[in-house]
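Below is one structure, written out as structure tokens; comments come after it.
Residues: numbered from 1 along the sequence shown.
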Amino acid sequence: MELHIPIPLAIFSISIILLTRFSSSSSSLSWSSPSNLHPLVVDSALEHLNYTTVSEFRLLNRRQILQCRDPNPYLQINVSGNTALGDEEYLTVNVTGVLVPADSDWVAMISPSNADVSDCPLNKALYAETGDLSDLPLLCHYPVKAQYLSKDPDYLSCKKKECKEYKDGQCVVTTCGGTLTFHVVNIRTDIEFVLFAGGFATPCVLKKSNSLTFANPNQPLYGHLSSIDSTGTSMRITWVSGDKEPQEVQFGDGKSQTSEVSTFSQDDMCSNVLPSPAKDFGWHDPGYIHSTVMTGLQPSTSYPYKYGSDSAGWSQQVQFRTPPAGGSNELKFLAFGDMGKAPLDDSVEHYIQPGSISVAKAVLDYVDSGNVDAIFHIGDISYATGFLVEWDFFLNLISPFASRVSYMTAIGNHERDYGGSGSVYSTPDSGGECGVAYETYFPMPTPAKDKPWYSVEQASVHFTVISTEHDWSENSEQYQWMKGDMASVDRSKTPWLVFTGHRPMYTSGSGGGADQGFLDAVEPLLLDNKVDLVLFGHVHNYERTCSVYQNECKAMPKKDQSGVDTYDHSNYSAPVQVVIGMAGFSLDDFLDEPSDWSLIRISKFGYFRGHATPEELQLEYVNAGTRKVEDIFRITR
């Protein structure tokens, strides 16, 4: 199955002829350094430095809206082709009639089309959470994505000329043009494109296109699977639709199950005194999330399925494979953290994870090989962080492989954390989502809502999945659950114990990321229960340790006959810990002088691969770009 980068079924040409030029120099983007930002947003950058990505586009809701000057008499907006959009399109936006091309001209994709892109001066207090406290009016609604017209290399040089007026047979008014391509997925609400001058720092609205609607906003989309237990005989399927009526999944040889339907609203989002992005300008209607369980299956077996209804439409038929039952012999799994998504066009969005597309392609290729039973995504899932439309783009990215094998997740700081919400850490990293969106889109076999910890057994492996964002202290509910879960593992049935969550206990990342309190509280449980392998994300690189406990190597791996590092757990000393947060977010560097417990350090995008039998765990780091194995090690019993 191919990743969702299709040849467009339809091309839409949106011709926008500019008004007069707004005289402003180009606003350069900066994704890391506040010193490169426009002076109007430097304060915002400083406020956000430790929390989220910072760019002028990210802070667009605190920009001043200026009036464009006298209208250009040649102004036109023409939408050619069928205005009913498919579920995924590449739209070609043609900007023509430009008198003086400027590098500050840009086009935004807005949804819904009636979103207010004027200024909202009375709402100043509501946006202090963006970090910008200067005395400015506000953009009322946040664009889905945007592109500078200079992305067309012919725009500023005016290679696309057009004569607009003739006098005595001679052309007296010549205009320029540019072309942009926007990748659009079915987000259910209609869209339009808005032309701005003045860059992201001082935007001026020039013109809006006609509204474009999706042909079927109720279309069932973005199906993804998850295990509900350790038997391999049931599989949960979850999808999104604009239709609130129950739908069904049809699977196997004529079986079907009816969906349970849920959603969430702005009222479900977290806020403090001031509204969060999720509560306010980042909100987008999520539609309805359908979920049901396919039962009566056999472990390690392939089945066809499709989901939807006659009234809303049906998904394409997909072939999926159940995972092996707990206690059986062989498991092949992939794992990674911190994937997110990136635009499949030249747009900027509020949060971009540059490695996500290459890793998603690599994962899909490996799933296509038939050598994957399950995938574990251990936190920082979509990085929507309060801009809810980003969930649709992320689900579109992963659905080609998450719809075919069990896709198990752990919660991360960018799904859960928000001040005053009960998270361990009070940073606003979820943008006000507070785990609500995550738990709705990814229902895991957890004890209850906002208790996102669980365990599952597949073949010879027992996976203990925790939340590093919820209380893990010794007297907490989660701590007692961890203690009981790991103590109850039957090592004759599942000899391998893998412990996983989001924030690491050990990292040599130059930006830190480990919490000493978490290490002190939880690490003794790992030793007491002879955990074999610990997988964490949060730090955006790959790092493997020795058999480590309390910052000391208790044992070192030995080379086998093939030169592969081998940890002998027949003489157990301590767990092997691996950071695997290299699946999408901008990579982290390492300290110049790492600790002795750090054996392998790789700062490249990729994924982690495991092959478990009762006698051995073979584990690999795979570079997503080259598909080469750059680290391999074994754990034996």
Side-chain angles (χ1 to χ4, degrees), residues 3-5 27-34 36-37 41 44-45 48-61 90 106-111 130 142-148 150-151 180-185 187 199-200 277-278 281-282 284 336-363 377 379-398 412-415 428-431 433 437 511 537-541 581-588 603-606 624-625:
L3 196 66
H4 281 192
I5 309 177
S27 300
S28 62
L29 291 179
S30 168
W31 297 98
S32 58
S33 174
N36 293 333
L37 295 174
V41 297
S44 299
H48 273 90
L49 194 58
N50 294 323
Y51 302 125
T52 59
T53 187
V54 177
S55 71
E56 289 175 352
F57 182 73
R58 176 71 171 83
L59 302 171
L60 194 57
N61 285 83
Y90 282 85
W106 58 287
V107 176
M109 175 181 153
I110 303 292
S111 185
T130 68
Y142 197 85
V144 175
K145 55 172 65 179
Q147 293 184 47
Y148 276 102
S150 58
K151 287 290 184 180
L180 301 173
T181 300
F182 283 84
H183 172 243
V184 178
V185 302
I187 55 176
F200 295 157
F281 58 81
H284 182 268
F336 49 79
D338 306 77
M339 176 178 272
K341 42 92 208 102
L344 296 178
D345 53 32
D346 289 329
S347 294
V348 292
E349 299 171 349
H350 90 280
Y351 220 173
I352 293 174
Q353 292 70 52
S356 56
I357 294 175
S358 66
V359 174
K361 287 180 179 178
V363 168
H377 185 166
D380 285 4
I381 306 298
S382 74
Y383 287 92
T385 61
F387 296 83
L388 278 303
V389 72
E390 302 292 341
W391 280 105
D392 287 288
F393 282 90
F394 171 75
L395 292 170
N396 180 73
L397 179 68
I398 69 164
N413 54 302
H414 285 293
E415 287 75 60
D429 290 356
S430 76
E433 292 182 16
H538 191 61
V539 179
H540 309 123
N541 51 38
M582 67 289 155
F585 197 94
S586 298
L587 294 166
D588 290 329
S603 187
K604 300 176 186 177
F605 294 118

| query | Between atom OH of Tyr383 and atom CD of Gln353, what is the distance when rounded to the nearest 0.5 Å? | reply | 6.0 Å
| said: Under the criterion side-chain contact (heavy atoms from CB on, under 4.5 Å), I'd like the reasoning laid out for Ile398 against Met339: C-alpha separation, chi angles, the key distance, then a yes or no. | reply: CA-CA 10 Å; Ile398 69 164; Met339 176 178 272; 4.1 Å; yes
| Parallel, tilted or perpendicular: which fits the ring planes of Phe281 and Phe387, with parallel below 30° and perpendicular above 60°? | tilted
| query | Parallel, tilted or perpendicular: which fits the ring planes of Phe200 and Trp106, with parallel below 30° and perpendicular above 60°? | reply | perpendicular
| query | Taking atom CG of Leu388 and atom NE2 of His284, what is their separation to the nearest 0.5 Å? | reply | 9.0 Å
| query | Can you tell me how far NE2 of His414 sits from CG of Asp380, rounded to the nearest 0.5 angstrom? | reply | 5.0 Å
| field | Reported CZ-to-CZ distance for the pair Phe605 and Phe336, which is rounded to 0.5 angstrom | value | 13.5 Å
| task | Starting from the C-alpha separation in whole Å, work towards a yes-or-no answer on side-chain contact (heavy atoms from CB on, under 4.5 Å) for Met582 and Val359. | result | CA-CA 9 Å; Met582 67 289 155; Val359 174; over 6 Å; no
| request: Ignoring hydrogens and angles, tell me if any N or O in the side chain of His183 forms a donor-acceptor pair with the backbone of Asp346 under 3.5 Å. | output: no
| query | Do side-chain atoms of Glu415 reach the backbone of Gly379 as a donor and acceptor pair under 3.5 angstrom? | reply | no
| query | Where do Ile187 and Ser111 come nearest, in terms of heavy atoms and distance? | reply | CD1-OG, 3.6 Å
| query | Shortest non-hydrogen contact from Ser358 to Ala624? | reply | O-CB, 3.8 Å
| Out of curiosity, Lys341 NZ to Ile381 CD1, how far, rounded to the nearest 0.5 Å? | 13.0 Å
| field | Nearest atoms (heavy-atom pairs only) where Gly340 meets Ser356 | value | O-CB, 3.5 Å
| task | Go through the structure and list residues passing salt bridge (Lys or Arg N to Asp or Glu O under 4.0 Å) with Asp392, not counting sequence neighbours. | result | Arg188
| said: Looking at every heavy atom in both Asp338 and His377, which two are closest together, and how far apart are they? | reply: N-NE2, 3.8 Å
| Judged by atom type as modelled, is there a donor-acceptor pair below 3.5 Å linking the side chain of Ser603 to the main-chain atoms of Asp588? | yes
| Parallel, tilted or perpendicular: which fits the ring planes of Trp391 and Phe394, with parallel below 30° and perpendicular above 60°? | perpendicular
| query | What distance do Ile352 atom CD1 and Ser347 atom OG have between them, rounded to the nearest 0.5 Å? | reply | 8.0 Å
| said: side-chain contact (heavy atoms from CB on, under 4.5 Å) for Thr385 and Glu390? Distances and angles first, verdict last. | reply: CA-CA 9 Å; Thr385 61; Glu390 302 292 341; over 6 Å; no
| message | For Leu344 versus Tyr90, what's the shortest heavy-atom pair and its separation? | response | O-CE2, 3.4 Å
| Looking only at heavy atoms, which two atoms of Glu349 and Val144 are closest? And how far apart? | CG-O, 4.0 Å
| task | Find out whether Asp345 and Lys151 are in side-chain contact, i.e. whether some heavy atom of one side chain is under 4.5 Å from a heavy atom of the other. | result | no
